[in-house]
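Below is one structure, written out as structure tokens; comments come after it.
What's counted below: heavy atoms across the whole structure, side chains too, no hydrogens, waters or symmetry copies. Each chain gets a letter, A, B and so on, in the order the sequences are listed, and its residues count up from 1.
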2 protein chains.
Amino acid sequence: MDQPLTPSYRPLYQQIKDVLLERIVSGEWAPGTFIPSESALAKEYGVSVGTLRKALDALAAEHVVLRHQGKGTVVATHDSDRSLFQFFHLVRLDGTRTLPISRVLIRERRAATAQEAEALGLRLEAAVVHIRRVRELEEVPALLEDLVVSADRFRDLEREPQTLPNTLYQLYQQRFNQSVAHAEERLFAVAAGKEEHRHLGIPSGTPLLEIHRIAKDLQGNPLEFRVSRCETQNHYYLNEL
Amino acid sequence: MDQPLTPSYRPLYQQIKDVLLERIVSGEWAPGTFIPSESALAKEYGVSVGTLRKALDALAAEHVVLRHQGKGTVVATHDSDRSLFQFFHLVRLDGTRTLPISRVLIRERRAATAQEAEALGLRLEAAVVHIRRVRELEEVPALLEDLVVSADRFRDLEREPQTLPNTLYQLYQQRFNQSVAHAEERLFAVAAGKEEHRHLGIPSGTPLLEIHRIAKDLQGNPLEFRVSRCETQNHYYLNEL
DNA sequence: TACAATTTGTGCGTATGTATA
DNA sequence: ATATACATACGCACAAATTGT
């Protein structure tokens, strides 16, 4: 009747999956590179190909790796088409999806606020890097975005690289070996304030979509806390269930 | 290089999956009932158990069926715990999730508007059933909701049953054999109007979350178009990616 | 163009473990 | 205890996609 908190055993394919994930997290298999073939890995771990397949299938289902018949299995990157829109849900009214262009307004190292520390699981006043950007879709300012990451994990991000790329998650992955795998988004409706008026060119008081996102790494640890305020006259937030 | 629009062949397990789905859609296997065992179905279709398993696993991944070790495979219903929150994303600020109580304001048969006809794939002026409800979370009015369905597919819904249940999707499933399997939600931020002021007790102009949902059946045909306006002082819309 | 080698995808069969009734 | 059903694990054969010879 009772269910043990720690299951008495974990299926073999799950154990294999954990080991493979660890080799990815550790950086041994970098994003974008091909990992050894099923048969090679099966031999290495002394399990059947079927068992190893099941482990890889599970990782593929979580978008950790991508599999290509005839080629091999590659560690997912944030520039592969799938992954690209996994965390970007803003769509133009006509249904087309484009990635936004960013203009950085603030880039600083400072102490975390209580909300930020709580979201990132840091102690109060821990050092964070704070970035504020305006993001434009098709030349139209659409989003005012504030994000913070741990200054320890993302050392010198407030200075290097000099110009930030458009898609930060690629930078996290390539420069800091931190892959954003999951995220939790909380959506609110708020009224535009002076900042939004200034940067998005909309009247104060206009209803905006406010998105609080906690981005998490492969193991579920919070990596980044991000608050976006979006104008919803020209686009909307799409969620497929 | 080219990719055929119609793949030259479909894998066996996908064909089996289609056939099984058809038996569910047709009503032969009703929601809540157990379907035959893997081995029985494998024998019936003359395929291996492994192949049949793969078909059932795919259906389970889409929440069409639920599998229970030692018991069997059951067709999903809208009152099973998982499914219950698949389409309800409003969460209280403290993180608890409760299902709302509904109070019906309008229940009528009328012609579809252009927007409604487009969303449901009906011709202009097609007959629909329109329902407006106020939904309360923990005694607090949180949502003003308008929904329309085809009056043909949901015959007499404007009259029977006399009192509508709280979770309409269960009714759709039990009374009309229409299962909501997928949905597409589009989120906007809007200002509260007089109706929201009256029914939700909030000042006009308050920013609200507006959710346009198109609910689809197992085959992807639109079943219901729903517009919800939600107050986000006491709760938020949660999306896990 | 043809062919071979490699890698993942599909399909079959079997044995054993675990959960349920 | 027994029977049933799903879950895990093994092994093998062949198909399909990719790459290089």
Practice item. Tell me what S39(B) touches on the nucleic acid: a base, only sugar-phosphate, or nothing, going by heavy atoms under 4.0 Å. Key: nothing
Check your understanding: Nearest-Å distance, CZ (F34(B)) to P (dT20(C))?
Key -> 11 Å
**Study point:** Candidates dT7(C), dG11(C), dT8(D) - which lies nearest the side chain of R53(B)
**Key:** dT8(D)
Check your understanding: Y45(A) OH to dA9(D) C1': how many Å, rounded?
Key -> 18 Å
Exercise for review: Using a cut-off of strictly less than 4.0 Å, decide whether T73(B) has a side-chain nitrogen or oxygen near OP1 or OP2 of dA5(D).
Suggested key: no
Exercise for review: For R10(A) and dG17(C), give me the distance from atom CZ to atom C1', rounded to whole Å.
Suggested key: 17 Å
Exercise for review: May I ask you to check whether T98(B) and E138(B) show a side-chain donor-acceptor distance below 3.5 Å?
Suggested key: yes
Review point. Can you tell which of dG9(C), dC10(D), dA5(D) lies closest to the side chain of E38(A)?
Key: dG9(C)
Point to revise | R67(A) with E38(A): basic N within carboxylate O range, under 4.0 Å | key: yes
Practice item. In whole angstrom, give the distance that lies between atom CZ of R67(A) and atom C1' of dA16(D). Key: 15 Å
Check your understanding: Which residue, G50(A) or G70(A), contacts DNA chain D at a nucleotide closer to its 5' end, judged by nearest heavy atom?
Key -> G50(A)
**Study point:** Listed nucleotide nearest any side-chain atom of P11(B), set dT8(D), dA7(D), dG11(C)
**Key:** dG11(C)
Revision key, fill the gap. K54(A) NZ to dC6(D) P, in whole Å, measures 14 Å
Practice item. Hunt down the Watson-Crick or G-U wobble partner of dA9(D), both distances under 3.5 Å, from any strand shown, or write none. Key: dT14(C)
Practice item. Examine the base of dA16(D) for any acceptor or donor lying under 3.5 Å from a partner atom in the side chain of Q69(A), and report the outcome as yes or no. Key: yes
Review point. When you measure from the side chain of R133(B) to the backbone N and O of N166(B), does any donor-acceptor pair fall under 3.5 Å?
Key: yes
Check your understanding: Which part of the nucleic acid, if any, lies within contact of V49(A), taking any heavy atom under 4.0 Å across all strands shown: a base, the sugar-phosphate backbone alone, or nothing?
Key -> nothing
Exercise for review: Describe the nucleic acid contact of G72(B) in one word from base, sugar-phosphate, nothing, applying a heavy-atom distance below 4.0 Å.
Suggested key: sugar-phosphate
Review point. Rounded to the Å, how far apart are H68(B) NE2 and dT20(C) P?
Key: 10 Å
Check your understanding: So, is S37(B) close to the dT4(D) phosphate, meaning a side-chain N or O under 4.0 Å from OP1 or OP2?
Key -> no
Check your understanding: In terms of side-chain heavy atoms of S48(B), which of dT7(C), dG11(C), dG9(C) is nearest?
Key -> dG11(C)
Practice item. With the side chain of K71(A) defined as its heavy atoms from C-beta on, choose the nearest nucleotide among dT19(D), dC10(D), dT10(C). Key: dT19(D)
Practice item. Could you state the atom-to-atom distance from CD1 of I16(A) to C1' of dC10(D) in whole Å? Key: 13 Å
Study note, to complete from the structure: When rounded to whole Å, the CG to P distance for the pair L52(A) and dG11(D) reads 13 Å
Practice item. State which of dC10(D), dA16(D), dA5(D) makes the closest approach to the side chain of V47(A). Key: dC10(D)
Check your understanding: Are any of the side-chain heavy atoms of Y13(B) and D57(B) separated by less than 4.5 Å?
Key -> no
Point to revise | Neighbour count above 12 (heavy atom, 6.0 Å) for E118(B) CD | key: no
Review point. Just wondering, do L171(B) and P161(B) contact through their side chains at under 4.5 Å, heavy atoms?
Key: yes
